[in-house]
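Working notes for the structure below.
Order of the sequence lines sets the chain letters (A, B, ...), proteins ahead of strands, with each chain counted from 1. What you see below is based on every heavy atom in this structure, not just the backbone, and it leaves out hydrogens, waters and symmetry mates.
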Amino acid sequence: MTIELSKAYDPTDVEPRWYAEWIRAGHFAAQDTGDASNAYSIAIPPPNVTGSLHMGHALFCTIQDSLVRAARMRGRNALWQPGVDHAGIATEVVVSRLLALEGKSRKDLGREAFLQRVWQWKEQSGGRITEQLRKMGASPDWSRERFTMDAQCSAAVREAFVRLYEEGLIYRGERLVNWSVAAQTVISDLEVDRAEEDGELFSFAYPFADGSGEIVVATTRPETILGDTAVAVHPDDPRYKDAIGKQLKCPFHDRTIPLIADSILVDMAFGTGAVKVTPAHDFNDYETGKRHGLPFINVLNLDGTINAEGSRFAGLPRFEARKAVKKALNELGLARGSKQHRLAIAREARTNDVLEPMLLPQWYVHAKPLADKALAAVREGKTTIEPVEWVKTWEHWLTNIQDWCISRQLWWGHQIPAWYCAKCGAVTVARETPTACCKCGHDALEQDSDVLDTWFSSALWPFSTLGWPEKTKALETFYPTTVMETGYDILFFWVARMMMFGIHFMGEVPFKRVLLHGMVCDERGEKMSKVKGNVIDPLHLVYGATLDTVVEAANPPGTPADNALKKFKQCYPSYAEKTEGFPAFGADAVRFYLATNPPQAKRINLQLRQLERAKNFANKLWNATRFALPYLEPLRADGADGSLPPASAMSPADRWILSRLALTAQEVSDGLEGFRLDECTTAVRRFFWDELCDWYLEITKAVLNGTDEVAKDVTRRVLANCIESSMRLLHPFMPFVTEELWQKLPDAVRSKRRDGRPAEHLCVASFAEASEFARDEAAEREIAFVQGVITAARNIRGELGIKPKDAMTLILRTDDAAQRALLDRYEAQVKSLTIAHGLTVEAHGPKPKGVGYAVVDGAEVIVPLAGLIDPKAEAARLEKEIAKGKKDLEKCSKVLSNENFIARAAPEAVQSARDEQAALVARLSKLEEALVVVRDAES
RNA sequence: GCGGGCAUAACUCAGCGGUAGAGUGCGACCUUCACACGGUCGAAGUCACAGGUUCAAAUCCUGUUGCCCGCACCA
């Protein structure tokens, strides 16, 4: 029964079949053995429950799944811990928008009902991203899927909060924070998006209270005048020196504020050199206010309207108030003009709302002591950060760390386990809901309405998912995790915080190695964003999509189609001419392509051509296997031996390809160890395509179609093992196509599991290791010689324009017995690969006329086809070769004529230079003789 | 302003002390019995610039120029 494969590989036919199989077999399940030595674990960076798969997810999925699959095949107890986080702000924004469609607000529903709605929404659409990860071939242990809001993770959050509070590492304090009016919550400094925008710098005058003139200041936020509590100048500024200490009259209030001197805040050269100070609404002014003991006047309500402090402007929304204040100053005759001004505006990422610095009480984590331990862990090598470039950034940030504001004024999240006593005002922080105030014992307690920052629960992820605070077998087995792999953009958000909490709560780092990847960008290197219209949905690449669909997904909803298309083509120039959208590249191709990017690349410019190449590679695997399968049929016989034959039975080509395979397996192994998936994929691609397909397969055709049954058996087994091993080496990167093809191979050649048990699927078969195959340098040299001869003959053909249909014969001359033996042995292959009709192997002799000529390792390749060869062209070709040789020889001789080189360089370097020189001299003399003969024929 | 990074073939990027690499693209040829999602051959780089260390530098050091990314930013 012969297995037939279609002519071209179709991922849409193959990919959907295997995932369910793997799941059914339970291959992704990790075991809580308690044995940490054989464990390999990666905690997934939990995607937002609101999200859908983007290229960044596809990238981490590829990298992590490749590492995990390789570990699993190597017999490690591999756990890829899956899950999603609750994404406080993002989710609340999404659900609030849905409510808005019904004409309702969050507050209309109330906390309980709103949370119900969020859970409902989460149940409906929260599973989307994990479904999408399955499409990418991800192999986490789904039975352990966690959610940051589930009971286990929530218990961990509460435990962590209470412990930190009891240890004095969490406190409540009033400070200036970034308030989002739109999201109705504070956000952390890290989540602030700053971008330059055009604004207006408005100038106005503060009159001195004593009537002795005025001082002019400027502002981009005139409404903050309502909260000014000083004007500052530089102490050394001669213009204002004498006025320091005087009082200034507030335009809208019946009060005066002082003119103070501050060298930190004030830049004499900017504007008038005088700055208004609003300590409750500006970060620099806040510091200034603390330095000078100024009052802090908050003028904003949480909804962004001006509060009672704003006198007649009270109740106006902030931007209305800005206009009104300007108008009023004009009317008072205090306006002193305005000008266009570029300034960096802070916005909240999800709502794009302008953030307002506000003085509000919030909960903080005292970060310094935690950060010091995280720093030490990396310095001591307990955790390594790769690529190493990031270590400096890590150091810089952690040494200058600010306390972490962990409270958010949201409903969706872990409510802070702190209760305030209505009677004495004391705070009770507890694991279980308390019934009495810890101080006065009264029972009138109200829980803090805020929730914790999502990153707080994410920071516990590597151990909360394993059951902490319980002492579980899972923790014992998999903590510390082996690798943390994520984007460099969340080094601070997440990696640093996991390190701090991991060390603090577990007493051990949460991961031994950190691997940071870059950002997937468009073809021009621009970060993907809907605003730019360059977002590509990875699943559109996997399954294919029409151009309309692709372009629609690239832009925000509602973008006009023609405009969207134009933007898209600008971002992806290689698609400028196309009309048909994406073909189904398949998950394997997307993965393979993503894996070819080195980890130190900060930007990964999505190159659709490269992706196409990856798809073609899958097709190559398919077709090479399709070609080989019929020849492997005898291995399906009962009791057939599919193992590698002894070296003594193998031909040089057999030993050569296995030697290359050994090298490749080593490169893949090294690449995995060093997180250089680019090197892994390059190595296997080269092996399979350039070596196995282009040479070995071609060489074996003559044998497999021949009559020598013993040779056929040997070749068949070598070929089968090469293909089988290639599938094993590639499986972590391209799980679907390799599984499909591996399943089609005869049983006798399919590898077992690492522990010797049979492997029903490739995904649990033992990984291919270099030790399975022998390096054979002699065979490598021999085949390199045969390849050299073939390439030289092809070169003559190509350069001289000898068409394939032109009958060509070859004369190969060498006095070296080993070379002659090889050429005899591979006569059929040399002929077929050069399309030569005849071939003679003989000893060196006088140069014949009218021939194409080349020298390979001292052997001569002669193409005696007088009728076909243009002597002029051949002369030109030889001259080019000679010029190249002379240049090399010159370099070589120059080095060797340097006495210092002979004396100081490594002896091997000197020897190899001498060998090189000798070979070049010999080669050149042969080529020059040949040139003379050609010129003879010409004249 | 402070810190970090990058400048290598037309493009995207490897290499990081011993004679310049890959893929794509480009030019020519080939539908030869797995694959045109293929095959063969070819052209193409003074490795940003200037110094220095070394027998030897794309590779190490210093400076210059040009880009990029963080952090802090002018009221």
Considering every strand shown, what is the Watson-Crick or G-U wobble mate of B:rA72 when both distances are under 3.5 Å? none

Looking just at side-chain N and O atoms, do A:Lys527 and A:Ser529 make a donor-acceptor pair shorter than 3.5 Å? no

When all nucleic acid strands are considered with a 4.0 Å heavy-atom cut-off, which category describes A:Lys803: base, sugar-phosphate, or nothing? sugar-phosphate

Going by distance alone, is a donor N or O of one side chain under 3.5 Å from an acceptor N or O of the other, for A:Gln607 and A:Ser574? no

With a non-hydrogen cut-off below 4.0 angstrom, is A:Trp689 in contact with a base, only sugar-phosphate, or nothing? sugar-phosphate

Heavy atoms under 4.0 Å, any strand shown: does A:Asn284 hit a base, just sugar-phosphate, or nothing? sugar-phosphate

May I ask you to check whether A:Phe582 and A:Tyr575 place their ring centers less than 6.0 Å from one another? yes

Check every strand shown and say whether A:Leu833 touches a base, only sugar-phosphate, or nothing at a heavy-atom separation below 4.0 Å. nothing

Touch check for A:Lys887, heavy atoms < 4.0 angstrom, all strands: base, sugar-phosphate only, or nothing? nothing

Within the 4.0 Å heavy-atom criterion, would you say A:Lys880 contacts the bases, only the backbone, or no part of the nucleic acid? sugar-phosphate

Could A:Lys276 and A:Phe204 be counted as a cation-pi pair, given that NZ or CZ must be under 6.0 Å from the ring centre and within 45° of the axis? no

Distance between C1' atoms of B:rG15 and B:rC60 (Å, rounded): 15 Å

Rounded to the Å, how far apart are A:Leu201 CG and B:rC74 C1'? 9 Å

Do the side-chain N or O atoms of A:Gln600 get closer than 4.0 angstrom to the phosphate oxygens (OP1, OP2) of B:rG15? yes

Please evaluate the base of B:rC69 for a donor-acceptor partner in the side chain of A:Lys602 within a cut-off of under 3.5 Å? no

Checking all strands, does A:Asn605 fall into the base, sugar-phosphate, or nothing category for heavy-atom contacts under 4.0 angstrom? sugar-phosphate

Tell me whether the side-chain N or O atoms of A:Glu698 pair up with the base of B:rA34 as donor and acceptor below 3.5 Å, since no angle test is needed here. yes

When we call it a touch if two heavy atoms are under 4.0 Å apart, what does A:Ser574 touch: a base, just sugar-phosphate, or nothing? nothing

Just checking A:Arg221: base, sugar-phosphate only, or nothing, at a heavy-atom cut-off of under 4.0 Å? nothing

Indicate, with a heavy-atom threshold strictly under 4.0 Å, whether A:Asp694 touches base, sugar-phosphate, or nothing. sugar-phosphate

Is A:Thr219 touching bases, backbone alone, or none of the nucleic acid, heavy atoms closer than 4.0 Å? sugar-phosphate

Does either side chain, that of A:Thr278 or that of A:Asp228, offer a donor lying less than 3.5 Å from an acceptor on the other one? yes

Using a 4.0 Å heavy-atom cut-off, does A:Arg877 contact any base of the nucleic acid, only the sugar-phosphate backbone, or nothing at all? nothing

Side-chain donor-acceptor pair under 3.5 Å between A:Arg524 and A:Asn534, yes or no? no

In whole Å, measure the gap between the P atoms of B:rG52 and B:rG17 for me. 22 Å

Describe the nucleic acid contact of A:Glu612 in one word from base, sugar-phosphate, nothing, applying a heavy-atom distance below 4.0 Å. nothing

Using both distances under 3.5 Å as the test, list the Watson-Crick or G-U wobble partner of B:rC29, or none. B:rG39

With heavy atoms under 4.0 Å as the rule, sort A:Thr220 into base, sugar-phosphate or nothing. sugar-phosphate

Respond yes when some side-chain nitrogen or oxygen of A:Asn795 is under 4.0 Å from OP1 or OP2 of B:rG42, and no when none is. yes

With no hydrogens and no angle check, is any side-chain donor or acceptor of A:Arg239 less than 3.5 Å from a backbone partner on A:Met268? yes

Base-pairing mate for B:rC67 - Watson-Crick or G-U, with both contacts under 3.5 Å: B:rG5

Does a nitrogen or oxygen in the side chain of A:Asn616 sit under 4.0 Å from OP1 or OP2 of B:rG38? yes

State the pairing partner of B:rC47; accept Watson-Crick or G-U wobble contacts with both distances under 3.5 Å, and report none otherwise. none

Any-strand Watson-Crick or G-U partner of B:rC13, both distances under 3.5 Å: B:rG21

